[in-house]
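Comments concern the structure below.
Note that the structure is a prediction, hence the values are computed from the model and not measured. In each ligand, atom 1 is the first atom listed, and ligand 1 is the first ligand listed.
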Amino acid sequence: METTLLSRALDEVQVETLVIPCFERAAAGSALEPDTTRAADERTGGLISELYTSGEFTGKLLEATLLHRPTGMAAKRLLVIGCGKQEEFGTTELRKVGGAALRVMKGKSARRIGFVLGSSLATMENTTALVEGALLGDFEPDQYKTDPKKAEKMVDEFTVVIPPGDGSVTRKALERGRVMAEAQNFTRALVNEPANRLTPMVMADKARQMASEEGLECEVLDRARMEELGMGALLGVAIGSAEPPALIILRYRPPLGISGVHLGLVGKGVTFDTGGVSIKPADGMEKMKYDMAGGAAVLGAMKAIAQLKPSISVTAYVPAVENMVSSKAQRPGDIVKSMSGKTIEVLNTDAEGRLILADTLTYAIREGCTHLVDAATLTGAIVVALGHFNIGAFSNNDAFLEKVRGIAKSQGEKMWPMPIDDEYKDYLKSAFADLPNIGGRYGGAVSAAMFLKEFVEDKPWVHLDIAGTAWLDEGKPFLSKGPSGVAVRTFVSLAMQW
Ligand code: BES
Ligand code: MN
Ligand code: ZN
């Protein structure tokens, strides 16, 4: 889908569908907002105010009504779309509205749609969020459907319409929205790949290809190298699979040289999680292809970072492995030695994410990362604790956590702070090794985070448990079902706003 910018009076825009954003009315009979809505209402002889007075439309967020052959307009149809309460409206809402507008019109033979931002909404930030939302809304996880897509029914141009003579919005805002959306859609497409098509090596190949397209340095550590480095925790997980593991590393360095900050982004890349010998139940196991969503988010973020060029060094580390059952697989009770030197008793082979992340965090620190953020579909327990709307955020550094949370909030990615007080260390006691890989019955997401904390030394670190947020079991009006691409926006903004 193409995205374009057009500076034109709204009655003169020749598109199949013109989208008019509308707020909830403050009180019955009060002025229509924003200015776009008022203008469209005047040009059409009161078509929109009639929608409100009839009670058919209230302006509630994402409410949508399609009107055909509006009088006084060059556009063939008007899509009147709700933006919620004016005082609660921001870029997060506009991103959703853009996605919802696109999804309403998809398959309705509107090749060209225009979205009007009147003078009160026409800003760079809004334009970026709108274009980003539209491109996110356009994504479908249907790459393996053979049904020919009805190309003639899809939207192929999305135009942001700003007032004539408006100089406050430039093409740069659109491009930024596109970069952000394409990074997230790259992540979503990777996550949607089934495990027979996305093995650890294939994931590494895709990272390498993206890196060469975007001008990032790529290095992939193979099993032999991991053995030399003593990554026993990571290798223990990988040993049950015929597919060799890969530790994918992508490096971005700022054009103006070193800044002193070196951000390490670490993402869990389990291409399939059977649970290993501590095998998972069959019901729902197919979803475990998304157990590499943290790794995919890190790779997607690097794609955008390569283009937006922040002023700090950023390195991505993705341990890619498959957690399988076989005669060679690791057993409960096995003891492995991590790269840090700590020994781990593997009490449950299904708690594999923390094992591969442990060695990867150590490696990132040995490479000189000053700050670490990891994203992982780490525990079912975080889904029990927070459900599907908030990422669980754990940290050993309050200031760093607040920084990450603030950025996440501005990007519309919700995070909720979770505790990792020293008391929880009691959950991680092993009779035979330095650490067990699981805690007790309670606070499962916390004991997983406590385990990771043992490997981050003194570095400021934030751990994001995205098990509840990386996959949408149901589609939303603005996003298809399947992979959500969560954490990409936070990672990119964190690097950009350092
Ligand atoms: N990948 C899973 C976590 C997960 C579970 C994500 C359900 C999404 C939905 C992880 O590797 C895992 O299996 N964790 C175990 C840990 C347990 C054995 C301590 C879990 O959460 O059950
Ligand atoms: Mn598991
Ligand atoms: Zn897992």
Hey, is there an N, O or S on K268 sitting under 2.8 Å from the Zn ion (ligand 3)?
-> yes

among protein heavy atoms, the one nearest atom 8 (C) of ligand 1 is Y290 OH, 2.9 Å

Protein residue, atom and distance nearest to atom 16 (C) of ligand 1, heavy-atom basis | R354 NH2, 3.7 Å

Among protein heavy atoms, which lies nearest atom 4 (C) of ligand 1, and at what distance?
-> G380 N, 3.8 Å

Restricting to N/O/S, name the atom of D273 that gets closest to the Mn ion (ligand 2).
-> OD2

Is it true that some N/O/S atom of D291, main chain or side chain, lies under 2.8 Å from the Mn ion (ligand 2)?
-> no

Looking only at N, O or S atoms, find the one in D291 nearest to the Zn ion (ligand 3) and name it.
-> OD2

Please could you name the atoms of ligand 1 that K268 approaches to less than 4.0 Å, counting only its heavy atoms?
-> 1 (N), 10 (C), 11 (O)

So do the side chains of T360 and Y317 get within less than 4.5 Å of each other, counting heavy atoms only?
-> yes

Between T274 and N323: side-chain donor-acceptor atoms closer than 3.5 Å | no

For the Zn ion (ligand 3), which N, O or S atom of E352 is at the shortest distance?
-> OE2

Ligand-side contact atoms (ligand 1) for residue partner E352, heavy atom cut-off under 4.0 Å | 11 (O)

M180 and N185: side-chain contact (heavy atoms from CB on, under 4.5 Å), yes or no, with the steps?
-> CA-CA 9 Å; M180 292 302 291; N185 289 345; over 6 Å; no

Look at atom 15 (C) of ligand 1 and say which protein heavy atom is nearest, naming residue and atom and giving the distance to 0.1 Å.
-> D350 O, 4.1 Å

Taking atom 1 (N) of ligand 1 as the reference point, the nearest protein heavy atom with its distance | D291 OD1, 2.8 Å

Is there side-chain contact between E88 and E93, with heavy atoms separated by less than 4.5 Å?
-> no

Is there a donor in the side chain of Q143 and an acceptor in the side chain of N192, or the other way round, less than 3.5 Å apart?
-> yes

For Y144 and E193, does a side-chain donor sit closer than 3.5 Å to a side-chain acceptor?
-> yes

Give me the one residue out of K303, M210, E214 that meets side-chain contact (heavy atoms from CB on, under 4.5 Å) with L250.
-> M210

Within the 4.0 Å heavy-atom cut-off, what K280 brings close to ligand 1 is side chain

So, Q411 versus S493: side-chain donor-acceptor pair below 3.5 Å or not?
-> yes

Contacting atoms of ligand 1, where contact means under 4.0 angstrom from a heavy atom of I438 | 19 (C)

Would you find a donor on one side and an acceptor on the other, under 3.5 Å apart, between the side chain of K337 and the backbone of G230?
-> no

Angle in degrees, rounded to 10°, that OE1 of E352 and OD1 of D350 form at the Mn ion (ligand 2) = 120°

Subset of ligand 1 atoms that lie under 4.0 Å from at least one heavy atom of A467 | 6 (C), 8 (C)

For R366 and E457, run salt bridge (Lys or Arg N to Asp or Glu O under 4.0 Å): C-alpha distance rounded to whole Å, both residues' side-chain angles, the deciding distance at 0.1 Å, then the answer.
-> CA-CA 11 Å; R366 296 283 181 278; E457 301 176 14; 3.1 Å; yes

Side-chain donor-acceptor pair present, R95, T128, cut-off under 3.5 Å = no

Which atom of D273 is nearest the Zn ion (ligand 3), counting N, O or S only? It is OD2

In terms of side-chain heavy atoms, does E63 have a donor or acceptor partner in T58 at a distance below 3.5 Å?
-> yes

Do we see a donor-acceptor contact under 3.5 Å between the side chains of T3 and R178?
-> yes

for atom 2 (C) of ligand 1, nearest protein heavy atom and its distance come out as D273 OD2, 3.6 Å

For ligand 1, which atoms sit closer than 4.0 Å to a heavy atom of N348?
-> 18 (C)

Atom 9 (C) of ligand 1 sits nearest the protein heavy atom M288 CE, 3.5 Å

Nearest protein heavy-atom contact for atom 10 (C) of ligand 1: which residue, which atom, what distance?
-> L378 O, 3.3 Å

